[in-house]
Number of protein chains: 2
Amino acid sequence: MFSKSCQYAIRAVIYLTAHGREGQNTGVKEIAEALQVPQQFLAKILQELVRHHLLSSVKGPNGGFFLSEKNLKMSLLEVVECIDGKAVLTSCVLGLPQCSGVNPCPLHHQFVTCREGMREMLVNKKITEISADLLPQVSRF
Amino acid sequence: MFSKSCQYAIRAVIYLTAHGREGQNTGVKEIAEALQVPQQFLAKILQELVRHHLLSSVKGPNGGFFLSEKNLKMSLLEVVECIDGKAVLTSCVLGLPQCSGVNPCPLHHQFVTCREGMREMLVNKKITEISADLLPQVSRF
DNA sequence: GAAGTTCATGTTTTCAAAATCCTGTCAGTA
DNA sequence: TACTGACAGGATTTTGAAAACATGAACTTC
């Protein structure tokens with residue numbers, strides 16, 4: 001469904017909502033170790049999010065990443081579309097470029113229904129919200 | 001969502017339901033040209049389907065692929081699981097190996113709902129059925 | 001039974017995603 | 001101002017899916 005980069009991005013954001021301490025930045029190293037993903041690769045992904053203003057960062061000692069007030073209002077959909085592109089949620093299941101509502105493939109209509117559910121989920125999952133969901137959990141994301 | 005191989009597989013099966021002539025075999029060449037996909041690569045995929053008894057074939061001149069009575073009763077889910085493996089419809093959205101109903105990731109429950117819709121669609125899409133859906137269409141699949 | 005056609009299959013090549021390497025830039029501290 | 005820690009980003013390598021190549025096996029027809 002989503003690329004590995006995208007999965008890492010979502011997990012990193014979730015990690016920040018859960019473990020990001022108020023007014024304190026979190027380094028890539030810490031995030032990468034917690035998520036057990038390659039640090040340098042994760043850094044690239046986080047930089048991409050920063051470039052798209054979905055995440056904030058500060059350089060230098062005690063620097064790191066954090067979610068600003070504005071960032072927290074974002075939905076997961078924005079993260080997904082930033083990394084995997086808008087096409088993930090619009091392109092044809094069968095990979096047909098000409099497939100659309102007016103010229104649908106045999107699976108089009110039913111698949112659109114499924115996918116809209118997915119989009120709904122991603123739009124409604126505000127980053128703030130996730131934090132609350134996570135409270136009873138111990139596992140690492 | 002699905003791999004390219006899987007998309008080709010589904011499209012090939014759809015092509016056969018629509019263009020496969022009764023008691024006559026259809027060669028890879030014809031299918032590949034119609035779908036505009038690499039012939040040798042498609043051949044591999046079709047062979048995989050044959051090995052799993054989801055498609056039938058005969059060798060030699062006038063040989064080719066066809067859907068037997070038994071094949072026509074299969075659902076698209078079987079095609080998908082044959083090519084992409086069962087995991088496509090069960091693995092965690094975030095790629096977490098330990099994610100499950102009892103130890104869910106923050107997106108687990110909502111994603112499962114979406115995915116069940118998808119599974120339903122694939123189970124209900126019997127191969128026979130697709131043929132009927134296609135009648136009013138001209139486009140190539 | 002020889003020739004030609006078509007599926008079957010093992011091996012190699014290509015290409016993009018994933019991962020790593022290396023250097024640059026910025027900020028804080030002494 | 002020099003040093004250090006951390007993000008930024010270009011370039012390169014690795015990996016695995018996708019595609020191409022080459023050969024073998026089965027079947028038809030003449």
Side-chain angles (χ1 to χ4, degrees), chain A residues 1-12 16 20-21 23-33 35-68 71 80 82-85 87-88 91 94-95, chain B residues 1-12 16 20 23-33 35-68 71 80 82-85 87-88 94-95:
Chain A
M1 180 80 236
F2 300 133
S3 72
K4 233 163 183 177
S5 307
C6 191
Q7 295 179 336
Y8 292 169
I10 297 174
R11 289 175 60 198
L16 282 173
R21 294 157 298 285
Q24 203 176 342
N25 305 315
T26 311
V28 214
K29 196 171 189 300
E30 177 186 331
I31 306 176
E33 277 171 3
L35 305 188
Q36 308 241 57
V37 304
Q39 175 177 336
Q40 311 243 40
F41 186 49
L42 182 63
K44 289 266 148 106
I45 296 164
L46 297 185
Q47 281 155 31
E48 192 67 27
L49 292 178
V50 170
R51 247 184 310 246
H52 284 74
H53 310 292
L54 297 172
L55 182 62
S56 311
S57 70
V58 288
K59 288 187 179 180
N62 304 317
F65 296 88
F66 69 100
L67 289 160
S68 70
N71 295 151
V80 169
C82 171
I83 303 298
D84 276 355
V88 254
S91 59
L94 300 182
Chain B
M1 178 81 236
F2 301 133
S3 71
K4 233 163 182 177
S5 308
C6 190
Q7 295 179 336
Y8 292 169
I10 297 173
R11 289 175 61 199
L16 282 173
Q24 202 175 343
N25 305 315
T26 311
V28 213
K29 196 170 190 299
E30 176 185 331
I31 305 176
E33 278 169 4
L35 305 188
Q36 307 242 56
V37 303
Q39 176 178 335
Q40 311 241 38
F41 186 48
L42 182 62
K44 289 257 152 112
I45 297 164
L46 297 185
Q47 281 150 31
E48 192 67 26
L49 293 178
V50 169
R51 233 171 291 149
H52 284 76
H53 310 292
L54 296 172
L55 182 60
S56 311
S57 69
V58 289
K59 290 185 179 180
N62 303 317
F65 297 89
F66 69 101
L67 290 161
S68 70
N71 296 150
V80 169
C82 170
I83 303 297
D84 276 355
V88 253
L94 300 182

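Lettering of chains follows the sequences in order, A, B, ..., and the numbering in each one begins at 1. Keep in mind it's a predicted model, so treat the numbers as computed, not measured.
Listed for the A/N25 side chain is no donor-acceptor partner under 3.5 Å among the backbone atoms of A/F66.
Positionally, the nearest nucleotide of DNA chain C for B/K29 lies more toward the 5' end than for the other of A/C6 and B/K29. In terms of position along DNA chain C, the nucleotide closest to B/N62 lies nearer the 5' end than the nucleotide closest to the other residue of the pair A/F2 and B/N62.
Here the range on DNA chain C touched by chain A, meaning any atom under 4.0 Å from one of its heavy atoms, is C/dA18 to C/dA27.
Going from atom CD1 of A/I45 over to atom CD of A/Q7 covers 10.0 Å, rounded to the nearest 0.5 Å. Distance check: B/F65 CZ to B/L16 CG gives 9.0 Å after rounding to the nearest 0.5 Å. Rounding to the nearest 0.5 Å gives a distance of 3.5 Å between CG of A/N71 and OG of A/S56. Remark: A/T26 OG1 to A/L46 CG distance equals 10.5 Å, nearest 0.5 Å.
The minimum heavy-atom distance linking B/Q39 with B/A32 is given by the pair CA-CB, 3.6 Å. Contact record, A/V37 with A/R11: CG1-NH1, 3.9 Å, taken as the closest heavy-atom pair.
One interatomic measurement links the two molecules: NZ of B/K59 to C1' of D/dA25, which rounds to 5 Å at whole-angstrom precision. Straight-line distance from the CZ atom of B/F66 to the P atom of D/dC27: 13 Å, rounded to whole Å. Atom pair B/Y8:OH and D/dA17:P shows a separation of 15 Å (rounding to whole Å applied). Taking atom CG of residue A/L49 and atom C1' of nucleotide D/dG9, one finds them 15 Å apart after rounding to whole Å. For the pair B/E48 CD and D/dA19 C1', the computed distance is 16 Å after rounding to whole Å.
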Dump the intermediate steps for side-chain contact (heavy atoms from CB on, under 4.5 Å) on B/I83 and B/F2, then the final yes or no.
CA-CA 9 Å; B/I83 303 297; B/F2 301 133; over 6 Å; no

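Taken residue by residue, residues 37-47 of chain A places heavy atoms nearer than 4.0 Å to DNA chain C at A/P38, A/Q40, A/F41, A/K44.
Taking only side-chain nitrogens and oxygens, B/S5 comes nearer than 4.0 Å to OP1 or OP2 of D/dA18.
With respect to the salt-bridge test (charged N to carboxylate O, under 4.0 angstrom), the residues A/E48 and A/K44 do not qualify.
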